[in-house]
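First comes the structure, then the notes that go with it.
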Amino acid sequence: MIIKVLMIFFIIFLLALAYTLWSHSDKKFLIYSPNENLTLKNIMRFTAVLLILVSILGIVVLLVGTKEMNLITLLLGSLIAAAFSIYLANIR
């Protein structure tokens, strides 16, 4: 039961991150301006879409899958967020 509750929190976190990335793709994000950097804007939107898809997958797994299958959601969400962070750290 505790794993389901924690997974719900993780999915909510992924959705909040996706919303933040999508809503800030037209305005200043941290120290960057996506309007001046089209690649950053596209990466932000692509990452947001991927996070929403992983969240939907996570909800399906949460409802019909085993608790071991929740690892898929954890890994995909974490890898997508980490890849975006690495890209953001390498912008010059």
Side-chain angles (χ1 to χ4, degrees):
M1 182 65 180
I2 190 77
I3 291 177
K4 285 191 176 192
V5 172
L6 292 174
M7 286 304 299
I8 290 170
F9 284 130
F10 185 73
I11 290 168
I12 291 170
F13 173 76
L14 289 179
L15 289 171
L17 182 59
Y19 173 76
T20 302
L21 287 174
W22 189 272
S23 66
H24 283 82
S25 65
D26 288 331
K27 52 188 168 186
K28 196 160 180 77
F29 179 71
L30 298 174
I31 61 172
Y32 306 105
S33 179
N35 288 329
E36 295 174 6
N37 187 347
L38 188 59
T39 305
L40 174 61
K41 183 177 190 171
N42 291 334
I43 293 289
M44 287 174 70
R45 289 188 173 179
F46 183 69
T47 303
V49 169
L50 285 179
L51 290 173
I52 290 170
L53 292 175
V54 169
S55 298
I56 293 169
L57 174 70
I59 292 169
V60 170
V61 167
L62 194 62
L63 295 175
V64 297
T66 63
K67 62 182 176 183
E68 289 82 16
M69 288 180 66
N70 287 319
L71 184 63
I72 295 169
T73 306
L74 289 170
L75 285 175
L76 286 176
S78 298
L79 288 174
I80 291 168
F84 178 75
S85 299
I86 291 169
Y87 170 78
L88 200 60
N90 290 323
I91 291 179
R92 300 199 194 286

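- Criterion: ILVMFWY side-chain heavy atoms under 4.5 Å apart, direct or through other members. Under it, Leu63 and Ile52 are part of a common hydrophobic cluster.
- Trp22 and Ile80 fall into different hydrophobic clusters, where Ile, Leu, Val, Met, Phe, Trp and Tyr residues are linked whenever their side-chain heavy atoms come under 4.5 Å apart, directly or through other members.
- Closest heavy-atom contact between Gly77 and Leu14: CA-CD2, 4.0 Å.
- For the pair Leu21 and Met44, the tightest heavy-atom approach, listed with the atom from each and the gap, is O-CE, 3.3 Å.
- Taking the side chain as every heavy atom from C-beta outward, Leu74 and Met7 approach each other to under 4.5 Å.
- Counting all heavy atoms, side chain and backbone alike, Ile8 lies closest to Leu62 at CG1-CD2, 3.5 Å.
- Nearest approach of Gly58 to Thr73, heavy atoms of both residues: CA-OG1, 3.2 Å.
- Minimum interatomic distance between Ser25 and Arg45 (heavy atoms only, all atoms of both residues): OG-NE, 3.0 Å.
- With hydrogens and angles ignored, the 3.5 Å screen pairs no side-chain donor or acceptor of Ser78 with any backbone N or O of Leu75.
- Among all heavy-atom pairs drawn from Lys67 and Ile3, the shortest one is CD-CD1, 3.9 Å.
- Residue Phe46 qualifies as open at atom CZ: its count of foreign heavy atoms under 6.0 Å is 12 or below.
- Rounding to the nearest 0.5 Å gives a distance of 10.5 Å between OG1 of Thr47 and CG of Asn42.
- Following chains of ILVMFWY side-chain contacts shorter than 4.5 Å, one can reach Phe84 starting from Leu57, so the two form part of one hydrophobic cluster.
- The hydrophobic clustering, which links ILVMFWY residues whose side-chain heavy atoms are closer than 4.5 Å, places Leu17 and Tyr19 apart.
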